Every structure is written in structure tokens, then in C-alpha cells.
Novice: 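My questions all concern the structure below.
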Amino acid sequence: MSAPDMIARGLAARASLLAAAPFAQLSGRAVPPGCDRIDSSAHAAGGIGAARYVHDARCTDELLADHPGCTFRAVDGRVFRLMPEAGGIAVEQAGAIGDGVTDDQPAIQAALDYAAATGIGEVRFTAPAYRIHCPQRTSPANDIYSPDGHPLVARGSVTLRGVGPARSTLDFRGLGGADPEASWQVVPKSASDAGDAVWRGGGLFALADQGAEAPERLAIERLEIHRLNFIGNRQRTGQQSWPANPATGDGWDTSDKAVWLHDTHIGDVVIADCDFIGWKGEIYFGGAKTQRSLTIERTRLLTTNANAFNPGTNCPLVARECEFGDARTAQEDTGKTRAQYSGCLWRDSDTTLIGSGATDGITYHYLYPTRDAAGAPPITQLDGCEFRNIPTVFVGCWVRGRIRTTDATVDLSTPLYSALRDIDLDIDATIDAKNAIVPLRITGPATLTTQIGNAPAGTYQLPPRDVHVTLRTRRTQLARDGGRQWYPPSWTGYVTSSVRLVIDDCVMNAAPTVGHPPVSVPAIEIRNLVTQSGSYGTANMGPLTGATTITPNSPLIGCYFDANGPHDMALARFPTGGSNFAYAHGQKVKIRALSDTPGAGLKFAKGTKWWMKLAADRVLSRSGDWIEFTYNAYAGSIWEETGFFTTA
């Protein structure tokens with residue numbers, strides 16, 4: 001045999017040894033000495049999961065033992081490991097099939113574990129659909145750091161990314177592939193309580209650092225999810241009791257969070273172009289001890305018996321073009337040092353909460369507003385956001401921006417937040433499918449000695465202060481055709497005059513009002529108001545049959561009166577709450593006659609009340625007559641006549 005023939009045969013033999021083969025055939029294969037890379041034709045049959053493997057310093061016996069789906073040992077004893085391409089691996093390279101039928105959970109978890117062990121930054125999903133069965137849970141339900149029973153667990157910094165033409169769907173099922181709506185595991189509640197608890201396992205669990213303090217280098221410096229749909233196959237049944245019932249599986253299942261960050265330290269979390277739909281617990285649960293930031297874009301969190309979005313950890317938050325809802329609570333929030341929402345929609349839920357809360361540590365309860373007085377205000381900014389079909393939208397402290405509402409009521413609630421302050425909102429409110437709801441409700445404390453729960457005795461709720469709301473209301477054609485209309489904005493309890501409500505271009509059935517006599521009245525400015533009922537406002541009084549002191553409870557007050565008189569009239573200097581809750585300087589009040597009784601009516605006499613400054617005696621005797629007063633808080637808290645009209 002000639003030398004050229006021997007060389008040719010040697011090269012052919014070497015080529016044969018290096019020929020691509022399925023992953024299962026690589027173990028025990030003879031790899032030529034000096035060759036440290038070899039390709040596979042597939043991980044499984046059908047050419048799926050082809051990859052390149054490398055022998056390097058990371059290739060230890062421990063790596064082989066821990067990650068058998070991504071490593072193999074050649075006949076000469078060398079260990080080879082899956083080599084990333086452009087910083088990432090595909091789940092198919094760890095054994096996933098991606099046919100939407102086969103349980104790919106073990107392979108996807110193997111890819112995540114291998115990426116965490118080797119510092120690979122990205123795990124890719126190339127197929128349209130992956131089926132994921134929930135593993136067996138043996139630990140108690142409240143053992144929050146036990147990874148068993150979670151379908152997917154992230155242990156290191158990683159990006160989960162769909163890279164196909166369309167988003168990849170992760171189809172989450174119950175144990176053994178069962179329907180998770182009708183089937184669930186039952187485990188002990190805790191190590192000390194053997195009672196039954198429901199376990200569905202949720203979606204992705206971030207197993208990050210668990211110490212009391214965050215380490216200098218975090219186990220999960222960055223967690224990202226891109227172009228993936230997490231489909232839970234659970235239904236929103238309206239049964240919201242907590243915890244879920246072990247017999248029926250229904251209720252608020254605290255084990256069933258789609259994205260789960262729990263009592264650990266984590267870095268940046270980024271979610272973009274994703275859907276998380278159909279769960280029984282919080283869909284996004286941001287219950288980390290510390291978190292560097294949260295960015296969520298073009299993502300929907302929908303359908304649950306619990307809360308759709310719970311970014312509970314105080315960290316800078318940016319949300320753009322997201323949708324939260326079809327839930328008990330569209331968003332459960334505590335305030336952030338900095339939060340910005342742009343073009344987001346909260347919808348079809350019983351309630352939602354945004355802003356306020358523990359930005360500088362929890363005091364009394366987790367919604368009580370605290371801030372670092374030495375730093376900037378912890379602003380939550382809302383730009384172009386909408387709240388749709390939510391009976392109560394609770395807004396807390398330090399919230400600013402312009403929002404739209406549809407069939408929803410914005411509630412500034414002292415009973416919820418204890419000390420409302422520093423709110424600046426423009427609200428464009430539309431009524432469509434509902435009727436007789438209020439666009440805005442301001443709820444002050446019922447008394448000045450209303451105890452704050454979990455606070456030391458004598459710690460009382462504070463009246464709202466430094467709140468500015470501009471309100472515009474509309475009706476859709478559907479609402480007009482159905483005769484549906486807005487009720488006016490309202491307030492209750494103690495409210496300071498630093499709370500300012502501007503009614504700007506509103507259509508509703510009456511003027512803003514509160515019961516008579518009022519405890520307090522915010523500053524109210526009416527720029528343009530059309531009342532649908534034809535009355536001058538629901539702050540109507542009468543019929544008046546004698547001398548009356550009116551304590552203004554609205555800028556527009558209509559008065560009926562009998563045929564006797566004229567009756568002597570005056571305005572009270574203060575609401576019943578006293579001078580500390582007096583009217584705002586510059587507050588205008590217009591009194592209009594709603595009866596027509598020439599020679600009788602209502603008389604405002606000059607000089608009879610020192611706090612009533614009139615140009616002359618004024619009588620309202622014909623329907624449509626009116627007189628306007630303006631409150632001067634700086635000259636003794638007096639009412640000054642600033643307008644008068646009569647047809648008499």
C-alpha cells in the first residue's frame with residue numbers, strides 16, 4: 001500500500017469517527033486524540049437538536065453526572081459537553097421534541113439546569129408548541145424553597161427566548177399530563193401541619209439567593225423571558241377564597257403562579273412579547289426580598305381567580321403596552337421608588353390597586369404610604385393608560401398622569417391607604433355598558449380618631465391632602481341608546497381643602513355632591529357641566545319653609561321653596577368638620593331657585609350676617625334666578641357675592 005493510500009485511509013477513518021451521529025450514539029464513541037469538538041446529527045430521532053460538543057476545562061465527571069442529557073464520555077474517558085452557539089442553546093439540544101404532545105418538561109429543565117451550571121446566557125425555543133407536565137411534589141406546600149413540583153426552575157441568570165417565526169407556546173399541564181383545571185396534587189400544608197393543600201405548581205420558579213442580605217454577586221443577576229406564551233389551561237371561576245379547596249381544587253391556588261419570585265434576592269427581570277394566560281394564583285408574583293428592576297413590555301397577564309400582576313418588591317418598574325386582567329385583582333401593587341406605565345390596560349376584574357405602599361419599609365400595614373424624606377418622591381407615572389370594566393380602581397399616594405376609564409370608578413380610599421397624599425390625575429371617563437356609576441370617589445376617614453389597623457393605639461387615619469384630579473366624562477353611543485348615565489363624583493368623611501377636583505367638560509346626571517350638611521368639602525371647580533336629568537344638581541334642597549342656613553355641599557345647589565316668605569337665607573362659614581376643614585379659598589357656590597313664587601322665595605339680606613358680603617339685598621323668587629358667592633379664606637373665612645341674576 002502506498003503512502004498516499006495510507007494517508008487517504010487514515011483520513012477516511014478519522015472522518016468516520018467524526019461523522020455526525022445522534023446524541024445517544026456519541027457516548028463511548030472513539031474520538032481521535034487531539035480532537036476536542038464533535039457534532040451530533042440530532043438529540044433524538046428526526047434530526048431534532050443537532051449540536052456541537054466540546055471537550056474543555058469545564059468537562060468534569062461532576063458535570064457529566066449532573067447533566068447527562070447535555071454531556072457524554074468518549075471511549076478514551078474524555079467528557080464532552082454541549083457547546084453554546086452565539087451564547088445560547090436550544091431546548092431541543094437537551095432532548096425536547098416540540099411536537100405539542102410529548103412531555104418536554106424534563107428536557108427543558110435539563111437545558112435550564114445545564115445553562116445555569118455552565119454560564120450559558122440563553123435557552124431558546126424553536127418549535128411552535130411544547131407540552132409541560134407538572135412533576136410530583138413531595139415537599140409541603142409552604143416550603144417555598146423546595147424546587148420539587150415546579151414545572152420549570154431557573155437557578156441562574158438566563159434568558160428564555162422563543163426564536164421561531166411566531167411565539168412559542170409552553171402548554172402547562174398537571175401531573176402526568178392531566179387537565180390542571182380538573183386535576184391537582186394534594187400535599188401537606190407545612191412540616192408541622194399535615195392538613196391537605198392544593199398543589200398545581202405554576203410555571204417558572206426563580207430559585208435565587210435566600211439569605212437575609214443580598215450577596216455581592218447574585219445567583220440570578222438577570223432573568224428574561226421573550227416571545228413565549230405560558231398557557232396554564234386554568235379557568236377563572238370567580239371562586240376567590242384563599243387557599244384553594246383541596247376537595248374541589250377551586251379558589252385562589254397560591255401554588256399556581258406563572259412567574260414566581262419568592263423571598264429571594266434577584267437582579268433585573270425583563271419580560272417582553274409574552275402571554276401568561278389561565279392560572280389559579282398570581283400570574284406574576286414579584287415577592288422577592290430585593291429586586292434590582294422590572295421591565296415588562298407588550299405582555300398580557302390574564303385569567304385567574306387571584307391577582308394578574310403583583311409586582312410586590314420595591315424596585316424601579318417600567319411597563320409598556322401591557323394588559324392585566326380577567327382576574328380578581330388586575331394588579332396588586334405597593335408603591336415603587338420609581339414606576340412608569342405607558343399604554344397599559346387593566347380590565348375585567350373586581351378591583352385593582354396602583355401606587356402607594358411601602359417604598360421605605362412597611363409601617364403598620366403593607367399599603368401604608370412611606371417614603372425616604374431625603375430622596376425624590378416615589379412617583380408612579382401613568383401615561384396613556386386605561387382601566388376598563390373594573391368596579392373599583394384604587395389609587396394610592398404619589399400617582400401622577402393621565403388615564404382613561406371605561407365603566408370604572410376611581411377610588412381614593414383612606415380606609416385602604418390610611419394617609420392619602422400627593423396625587424395628580426387627569427381622568428377621561430367613559431360610560432358604555434354600565435349605568436349609574438360614579439367616575440370618582442374620594443373616601444376620607446369617618447372620624448378624626450379612626451384607628452389605623454396594626455398601629456399603636458392613638459394612631460389615626462389622616463384626611464386626604466394634596467390631591468388634584470381633573471375629570472372629564474363621556475357616554476358612548478351604546479350608552480346613549482340605552483339611557484345609561486354617570487352619577488356625579490362623590491366624597492365622604494374628612495377631606496382637606498387641599499384636595500382639588502376640576503370638572504372639565506362633563507356630562508352626568510347631576511353636579512358633584514355629598515350629603516347635607518357636609519363634614520368637609522374639597523375644592524371644586526366646574527368649567528363645563530351638562531346635567532342629563534334636567535335638574536340643576538343633586539345638591540337640591542327643599543322645599544324650604546323658613547329661615548335656613550345652607551352649609552354648601554356642592555358648587556351648584558338648587559333650592560325649592562314654598563309660597564310663603566321670602567325666607568331669610570345664609571351660607572355657613574364652615575362644614576360640620578370645623579374650620580380646619582373649611583372651604584378652599586376661591587371656592588364658588590351658586591344657589592339657584594327651582595321654584596317660581598313671585599313675591600316670596602329666598603332672601604339674602606345685606607348686613608345681617610357679618611360673614612356674608614352682599615352688594616344689596618338679593619331675592620330669588622323665579623325659577624332660574626341665581627346668586628353666586630366666592631369664599632375668601634384669607635379675610636376671615638367669609639362669603640362674598642360675585643354674581644347675581646333674576647328675571648323678577
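Computation of the quantities below employed the complete heavy-atom set of this structure, encompassing side-chain atoms and omitting hydrogens, waters and symmetry-equivalent molecules. Numbers here are sequence positions counted from 1. Note that the structure is a prediction, hence the values are computed from the model and not measured.
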Novice: Quick one: CD1 on Ile225 to CD1 on Ile271, what's the gap to the nearest 0.5 Å?
Specialist: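 So the CD1 of Ile225 and the CD1 of Ile271 are separated by 4.5 Å.
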Novice: About how many Å separate OG1 of Thr118 and CG of Leu82, when rounded to the nearest 0.5 Å?
Specialist: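 Answer for the CG-OG1 pair, Leu82 versus Thr118, is 8.0 Å.
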Novice: Should Arg29 and Ile38 be marked as a side chain to side chain contact (heavy atoms under 4.5 Å, CB included) after you check the CA-CA gap, both sets of side-chain angles, and the distance that decides it?
Specialist: CA-CA 11 Å; Arg29 187 171 184 175; Ile38 189 169; 4.1 Å; yes
Novice: If you measure from the Lys or Arg side-chain nitrogens to the Asp or Glu carboxylate oxygens, is any gap between Asp99 and Arg131 under 4.0 Å?
Specialist: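 No, this pair does not count.
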Novice: Please evaluate residues Asp196 and Lys189 with respect to the criterion salt bridge (Lys or Arg N to Asp or Glu O under 4.0 Å), reporting the C-alpha separation (whole Å), side-chain torsions for both, the decisive distance (0.1 Å), and the verdict.
Specialist: CA-CA 6 Å; Asp196 290 342; Lys189 292 180 180 179; over 6 Å; no
Novice: Phe230 vs Phe172, test: ring-ring contact (aromatic ring centres under 6.0 Å, His included). Steps then yes/no.
Specialist: CA-CA 7 Å; Phe230 280 43; Phe172 289 86; 5.3 Å; yes
Novice: Do the charged groups of Lys336 and Asp333 touch, with an N to O distance under 4.0 Å?
Specialist: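 Looking at Lys336 and Asp333, the cut-off is met.
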Novice: Between Ser168 and Tyr130, is there a side-chain heavy-atom distance shorter than 4.5 Å?
Specialist: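 The answer is yes; the side chains approach within 4.5 Å.
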Novice: Can you list the residues that meet the salt bridge (charged side-chain N to carboxylate O under 4.0 Å, His left out) rule with Arg400, with sequence neighbours excluded?
Specialist: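 Not a single residue meets the salt bridge (charged side-chain N to carboxylate O under 4.0 Å, His left out) criterion with Arg400.
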Novice: Taking the ring of Tyr53 and the ring of Phe80, is the distance between their centroids below 6.0 Å?
Specialist: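 Judged by ring-centre distance (under 6.0 Å), Phe80 and Tyr53 do not meet the cut-off.
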Novice: Which is it for Ile283 and Asn307 under the side chain to side chain contact (heavy atoms under 4.5 Å, CB included) test, yes or no, and what are the steps along the way?
Specialist: CA-CA 7 Å; Ile283 298 178; Asn307 304 333; over 6 Å; no
Novice: Using 4.0 Å as the upper bound for N to carboxylate O, is an ion pair formed by Glu321 and Arg298?
Specialist: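 No salt bridge links Arg298 with Glu321.
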Novice: Whether Arg236 and Asp350 form a salt bridge (side-chain N of Lys/Arg under 4.0 Å from carboxylate O of Asp/Glu) is what I want to check.
Specialist: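 Yes.
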Novice: Taking the side chain as every heavy atom from C-beta outward, state whether Trp252 and Ser241 have any atom pair closer than 4.5 Å.
Specialist: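 Contact flag for Trp252/Ser241 side chains = no.
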Novice: Any side-chain donor-acceptor pair under 3.5 Å between Asp348 and Asn389?
Specialist: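 Distance-only check passes for Asp348 and Asn389.
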Novice: Which residues pass the salt bridge (charged side-chain N to carboxylate O under 4.0 Å, His left out) test with Lys289, not counting sequence neighbours?
Specialist: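 Expected list: none.
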Novice: Do Val198 and Asn245 have side-chain heavy atoms sitting under 4.5 Å apart?
Specialist: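 No, their side chains stay 4.5 Å or more apart.
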Novice: Any side-chain heavy-atom pair from Pro135 and Gln105 closer than 4.5 angstrom?
Specialist: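 When only atoms from C-beta onward are counted, Gln105 and Pro135 do touch, with a gap below 4.5 Å.
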Novice: Under the side-chain contact (heavy atoms from CB on, under 4.5 Å) test, which residues partner Val54, sequence neighbours left out?
Specialist: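 By the side-chain contact (heavy atoms from CB on, under 4.5 Å) rule, Val54 matches Arg37, Asp56, Arg81, Met83.
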Novice: Measure the CZ-CD1 distance between Arg292 and Ile266 for me, rounded to the nearest 0.5 Å.
Specialist: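 Taking CZ in Arg292 and CD1 in Ile266, the distance rounds to 9.5 Å.
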Novice: Quick one: pull up OG1 in Thr337 and CG in Asn314 and give me the separation to the nearest 0.5 Å.
Specialist: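 Output value for this atom pair is 3.5 Å.
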Novice: Any side-chain heavy-atom pair from Arg300 and Cys322 closer than 4.5 angstrom?
Specialist: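 No. Closest side-chain heavy atoms not under 4.5 Å.
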Novice: Hey, could you give me the CG/OH distance between Asn310 and Tyr284, rounded to the nearest 0.5 Å?
Specialist: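 If I round to the nearest 0.5 Å, the distance is 9.0 Å.
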Novice: Have Ser349 and Asp326 got a donor and an acceptor in their side chains that come within less than 3.5 Å?
Specialist: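 There is no such pair (donor and acceptor under 3.5 Å, judged by atom type) between the side chains of Ser349 and Asp326.
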Novice: Can you find a pair of side-chain heavy atoms, one from Arg161 and one from Val123, that are under 4.5 Å apart?
Specialist: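 Counting from C-beta outward, Arg161 and Val123 never come under 4.5 Å.
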Novice: State whether Arg173 and Asp179 are salt-bridged, where the test is any N-O pair (Lys NZ or Arg NE/NH1/NH2 against Asp/Glu carboxylate O) under 4.0 Å.
Specialist: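 Looking at Arg173 and Asp179, the cut-off is not met.
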Novice: For the pair Glu386 and Arg347, find out whether any cationic side-chain nitrogen is under 4.0 Å from an anionic carboxylate oxygen.
Specialist: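 Looking at Arg347 together with Glu386, the answer is no, because their closest N to O distance does not fall below 4.0 Å.
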Novice: Under the side-chain contact (heavy atoms from CB on, under 4.5 Å) rule, collect the residues that match up with Arg167, sequence neighbours excluded.
Specialist: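 Arg167 satisfies side-chain contact (heavy atoms from CB on, under 4.5 Å) with Arg227, Asn229, Asp273, Asp275 only.
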Novice: Of all residues at least two apart in sequence or in a different chain, which pass the salt bridge (charged side-chain N to carboxylate O under 4.0 Å, His left out) check with Arg338?
Specialist: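 So Arg338 forms no salt bridge (charged side-chain N to carboxylate O under 4.0 Å, His left out) with any residue.
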Novice: Just checking Gln210: does its CD atom have more than 12 heavy atoms from other residues, nucleotides or ligands closer to it than 6.0 angstrom?
Specialist: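 Enclosed.
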Novice: Going by atom types alone, do Glu92 and Thr126 pair a side-chain donor with an acceptor below 3.5 Å?
Specialist: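 Short answer, yes.
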Novice: Can you list the residues that meet the salt bridge (charged side-chain N to carboxylate O under 4.0 Å, His left out) rule with Glu181, with sequence neighbours excluded?
Specialist: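 With sequence neighbours excluded, Glu181 shows a salt bridge (charged side-chain N to carboxylate O under 4.0 Å, His left out) to Lys280, given in chain and number order.
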Novice: For a salt bridge (Lys or Arg N to Asp or Glu O under 4.0 Å) check, start with the C-alpha distance between Asp61 and Arg73, then their side-chain angles and the critical distance, and finish with the verdict.
Specialist: CA-CA 9 Å; Asp61 290 344; Arg73 190 188 298 278; 3.0 Å; yes
Novice: Counting only heavy atoms not in Arg155, do more than 12 sit closer than 6.0 Å to its CZ atom?
Specialist: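 More than 12 heavy atoms, drawn from other residues, nucleotides or ligands, come within 6.0 Å of this atom.
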Novice: Hydrogens and angles aside, do Asp171 and Thr169 bring a side-chain donor and acceptor to less than 3.5 Å of each other?
Specialist: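 Absent: no donor and acceptor within the cut-off.
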Novice: Nearest 0.5 angstrom please: Ile354 CD1 to Phe324 CZ, how far?
Specialist: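 Between Ile354 CD1 and Phe324 CZ, I get 8.5 Å after rounding to 0.5 Å.
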Novice: State whether a side-chain donor-acceptor pair under 3.5 Å links Gln291 with Ser293.
Specialist: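 Their side chains do not contain a donor-acceptor pair, so the 3.5 Å distance test is not met.
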Novice: Between Phe309 and Trp346, is the gap from one ring center to the other below 6.0 Å?
Specialist: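 No, the ring of Phe309 stays outside the 6.0 Å limit from the ring of Trp346, centre to centre.
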